[in-house]
Structure formats: structure tokens, C-alpha cells
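Below you'll find the structure, written out as C-alpha cells, and then a few comments.
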Amino acid sequence: MKILVTGGAGYIGSHVVKQLGEAGGFDITVLDNLSTGFEDSVLYGKLVKADLSDFAFVERFLLDERFEAIIHFAASIVVPESVENPLKYYMNNTVNTTNLIRCAVASGVKSFVFSSTAAVYGEAASGVVTEESLLAPINPYGHSKLMSEQVLRDTVAAHNGFNVVVLRYFNVAGASMDARIGQRFPNATHLIKVACESACGKRQKMYIFGDDYPTNDGTCVRDYIHIEDLASAHLAALDYLKQGGRSDVFNCGYGRGYSVKEVVETVKKVSGVDFEAELAPRRAGDSSLLISNNQKILKTLEWKPKFDDLNLICKSAYEWEKSL
Ligand SMILES: NC(=O)c1ccc[n+]([C@@H]2O[C@H](COP(=O)([O-])OP(=O)(O)OC[C@H]3O[C@@H](n4cnc5c(N)ncnc54)[C@H](O)[C@@H]3O)[C@@H](O)[C@H]2O)c1
């Protein structure tokens, strides 16, 4: 299968490229502007350094290459930055994605897998969310992704033969089990990454934002998914579309959650470092509990998660952080 992976030099994209390469049978091209990605994270295929905002290039490139499938990761992903600079997010995530979809349809792409996020559920969603739960993002990042989902939905309805799987990721963490690749971009805001940086002495301390939420220990609960399992969901989605599966949306999580305190304690345990985690006031926009109902993906795709274990997730993230 001739496949284009946009953003394949980034954290999640590079893991998917690795799994595609290991699986065999894929002719892989990565398109990435290396704004937050790394050339040497691309372990398989050909890297084309280009920007999705270059519409003329993207159109020509897709018409020339005639990809059968696209997995689209390229995006800007920092929530607070999206509040300060919303236009960057609407341009890079919504406008560039819309153009990519236009070029994909024009060049005869059959299968399209899109990286979406639990951020489309927003603050109103507190609890276990299904794909049918209320979509109400609370920041420009979430809106920019939901708008792309809408463009995809409308395009699928209008264009026979263009099929799409939207994967809504919950909290992605960890590194490849062989420790070759992992989350590298500095100043990440993800809890497990921040805790591992603290354990490695790269931060003096970290903060726990709020301990008065209506959860067991008062801190927010999230559904953490290991990067290797998230990556394998993309291969399962491609296979599903290839077998004639109809366009659909799937939550990607384990269907259970851990609190901030539990994560911090686990990172302390696996690292053996008692780093400082200071209690701070709640942050605006954090819901108390956000967990995926993952029944749909388990029933529909050939996807079997293998690393549903917080110790293992934190250990792989910590080992990777130490190696940087
Ligand atoms: N990391 C998470 O926890 C998480 C959660 C939910 C959804 N997602 C989604 O997953 C996708 C990948 O996220 P990630 O964590 O790997 O981020 P990342 O920043 O590591 O990867 C994004 C990649 O896209 C590239 N890129 C960005 N804009 C581009 C453009 N205009 N043209 C070409 N390349 C461009 C970057 O250089 C980078 O390699 C994103 O779409 C994000 O919204 C991530």
C-alpha cells in the first residue's frame, strides 16, 4: 500500500511509521516541516520536508504520487498556545487539513485516518464518554480538530470511495518498547512527560493543579494510553478501511483512568526518585474525570491493546526521558 504520513517525524507519527515499516507491505512517505518533529525519528520510508500550508506543492505532490492512503498527524497541539494564538491553530489544523482533504479527494486517495482528540468533548464531558457524547470543545485547539472532523464527515457524504477513520486519542504517553523513539519536543505539557522530566532532574519541581475535585483523591482522572497501542490502532484502522469498513469515529483509550496523584506516585516508584510535586490551584478548563468508553473500537477494529499498565507506561516514558 502506498501511504503518506503527514507529521510522521513527530511523536505519534514516528511510532506509527515504525510499526508500518516493521509490518512490511507499505511504501511509506512522510511529509513533515520538522517544526516539532525530528528527521532521525523517521525510521522507515522517505522523508519529504515540506509544509502543508504550501497548497500548490501539496496538490502537485498528491497528484504525482497517487497515494492510496493518508494518515494525517501534522498539527499544532499545545492547548494554552491555541488560546493565545488561535489563528495559528485554525490555519495549521483546520485550513491546512481542509486543503489536504481536497487534494486527497482530487488525487483518488481511498483511505484517510485522522488524528483527533478527546479535547473535542470539552469541559461538559466529565466522566466516561462514548463517541456519541456531547461535542463541546473549550479551547481553539479542540475546535480546530472538531472542525476538521466536520469537513471529513461532509466530504465522505459527498464523495463515494473516500473513506475515513477518525481516531480520538485520550492521554498518550510512553515511548517505543525498544526505546528507539519517544516524545522529544521540549516544554511538553503532558503530565507523564512532566513527571519524568522532574524525576530526571530536568525540572526543579512540578505542580498538581487542584486536589478538590470530586474524585477518590481529589485530583483529576484521565485515561492514559501507551504510544505503542495507540500506534497499532492506526494499522488496525487502515486494515479496516481496506477490508471495506465504513467511515467512522473511534475513541482510543483503555476505558479506565488514573488520578494525577496516582501518576506522580507511579513515576516516583518506577524511577526511585522522590521529586517535588507541589499542590497548586485548579487550572481553568480541567474537567474532573475524562475516560474513554472504548467498546466501539474493541468491537469494530482488529485492535488488541497490549500495554494497559500504568507502571509500564511510566517506566517506558522514564527510561526514554533518561536517555535524552
Ligand atoms: N500527543 C497527544 O497526547 C495527542 C492527543 C490527542 C491528539 N493528538 C494529535 O496527534 C497528532 C500528532 O501529535 P504529536 O503529539 O505527535 O505532535 P508532534 O508535534 O510531535 O507531531 C506533529 C508533527 O507534525 C509536523 N507538522 C506540524 N505542522 C505541520 C505542517 N504545517 N506541515 C508539515 N508538517 C507539520 C511537526 O513537525 C511534527 O513532526 C496531532 O494531530 C495531535 O492533534 C495528540
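Every number for a ligand or one of its atoms is a count from 1 in the order of the listing.
Tyr11 N, 2.8 Å is the protein heavy atom nearest to atom 20 (O) of ligand 1. Of the protein's non-hydrogen atoms, the one nearest atom 18 (P) of ligand 1 is Thr36 OG1, 3.7 Å. Closest to atom 32 (N) of ligand 1, if we only count protein heavy atoms, is Leu52 N, 3.0 Å. Looking only at protein heavy atoms, the nearest one to atom 21 (O) of ligand 1 is Gly10 CA, 3.5 Å.
Residues Glu321 and Gln183 have side chains that never bring a donor and an acceptor to within less than 3.5 angstrom of each other. Side-chain contact, Asp217 with Ser259: a donor N or O sits under 3.5 Å from an acceptor N or O. In this model, no donor atom of one side chain and acceptor atom of the other lie less than 3.5 Å apart for His15 and Ser176. Checking Lys296 against Asn251 by side-chain atom types alone, no donor-acceptor pair falls below 3.5 Å. Residues Asn92 and Ser76 have side chains that bring a donor and an acceptor to within less than 3.5 angstrom of each other. Side chains of Tyr169 and Ser115: a donor-acceptor N/O pair is present below 3.5 angstrom, by distance only.
Contacts with ligand 1 closer than 4.0 Å are made by side-chain heavy atoms of Lys145 only, the backbone lying farther away. Residue contacts with ligand 1 for Ile77 involve side-chain atoms from C-beta outward but no N, CA, C or O (heavy atoms, distance under 4.0 Å). Here His72 has no heavy atoms under 4.0 Å from ligand 1, in either its backbone or its side chain. Residue contacts with ligand 1 for Phe38 are absent, since no atom lies close enough (heavy atoms, distance under 4.0 Å). Heavy atoms of Asn93 found under 4.0 angstrom from ligand 1: none, in either backbone or side chain. The proximity of Ala118 to ligand 1, defined as any non-hydrogen pair under 4.0 Å, does not occur for either the backbone or the side chain. Counting heavy atoms closer than 4.0 Å to ligand 1, residue Ala119 contributes nothing at all.
Salt-bridge check for Asp308 with Arg256: passed, with a basic side-chain N closer than 4.0 Å to an acidic carboxylate O. Salt-bridge annotation for Lys145 and Glu149: absent, with no side-chain N of the basic residue lying under 4.0 Å from a carboxylate O of the acidic one.
Relative ring orientation between Tyr141 and Tyr89 is described as perpendicular, the plane-to-plane angle rising above 60° on a 0-90° scale split at 30° and 60°.
Residue contacts with ligand 1 do not include Ala173, since none of its heavy atoms lies under 4.0 Å from the ligand. Heavy-atom distances between Phe185 and ligand 1 stay at or above 4.0 Å for every pair.
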Which is it for Ile3 and Leu238 under the side-chain contact (heavy atoms from CB on, under 4.5 Å) test, yes or no, and what are the steps along the way?
CA-CA 10 Å; Ile3 186 165; Leu238 282 177; 3.5 Å; yes
Pair Phe162, Phe112 - check ring-ring contact (aromatic ring centres under 6.0 Å, His included), show working.
CA-CA 8 Å; Phe162 181 65; Phe112 194 100; 5.8 Å; yes
Test side-chain contact (heavy atoms from CB on, under 4.5 Å) applied to Ile313 and Tyr254, step by step
CA-CA 12 Å; Ile313 293 173; Tyr254 291 139; 4.0 Å; yes
What's the verdict on side-chain contact (heavy atoms from CB on, under 4.5 Å) for Arg66 and Lys2, showing C-alpha distance, side-chain angles and the deciding distance?
CA-CA 8 Å; Arg66 299 278 165 187; Lys2 187 164 176 174; 5.8 Å; no
Take Glu131 and Arg168 through the salt bridge (Lys or Arg N to Asp or Glu O under 4.0 Å) test and state the conclusion after the steps.
CA-CA 9 Å; Glu131 291 79 357; Arg168 291 185 185 143; over 6 Å; no
Take Leu290 and Val129, measure what side-chain contact (heavy atoms from CB on, under 4.5 Å) needs, and give me the verdict at the end.
CA-CA 7 Å; Leu290 189 58; Val129 290; 4.0 Å; yes
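For Tyr141, a nitrogen or oxygen atom sits less than 3.5 Å from a nitrogen or oxygen atom of ligand 1, counting backbone and side chain alike. At under 3.5 Å, not a single nitrogen or oxygen of Ser116, backbone or side chain, sits near a nitrogen or oxygen of ligand 1. For a threshold of 3.5 Å applied to N or O pairs, the pair formed by Gly13 and ligand 1 contains no separation below that value. Distances between N or O atoms of Ser35 and those of ligand 1 include at least one value under 3.5 Å. Taking only nitrogen or oxygen atoms, main chain and side chain alike, Phe170 does not reach within less than 3.5 Å of ligand 1. Looking at ligand 1, you'll find an N or O of Gly37 within less than 3.5 Å of one of its N or O atoms. No N or O atom of Ala74 sits closer than 3.5 Å to an N or O atom of ligand 1. Geometrically, ligand 1 and Asp32 share a nitrogen or oxygen pair separated by less than 3.5 Å.
Comparing heavy-atom distances from atom 33 (C) of ligand 1 across Ile71, Asn33, Asn92 singles out Asn33 as nearest. When Leu167, Ile12, Val5 are checked for heavy-atom proximity to atom 13 (O) of ligand 1, Ile12 turns out nearest. Among Phe73, Phe114, Tyr169, Tyr224, the residue whose heavy atom sits closest to atom 40 (C) of ligand 1 is Phe73.
Heavy-atom proximity to Leu34, at under 4.0 Å, picks out these atoms of ligand 1: 37 (O). Every atom of ligand 1 with a heavy atom of Ala50 under 4.0 Å away is listed here by number and element: 32 (N), 33 (C). Using a 4.0 Å cut-off to heavy atoms of Ala9, the atoms of ligand 1 that qualify are 39 (O). Within ligand 1, the atoms closer than 4.0 Å to a non-hydrogen atom of His190 are 1 (N), 2 (C), 3 (O), numbered from 1 in the order shown. For ligand 1, the atoms sitting less than 4.0 Å from at least one non-hydrogen atom of Val172 are 2 (C), 3 (O), numbered in the order shown with element in parentheses.
The distance from the CG atom of Leu279 to the CZ atom of Phe209 is 10.0 Å, given to the nearest 0.5 Å. Atoms OG1 and CG, from Thr117 and Leu167 in turn, are 11.5 Å apart once rounded to the nearest 0.5 Å.
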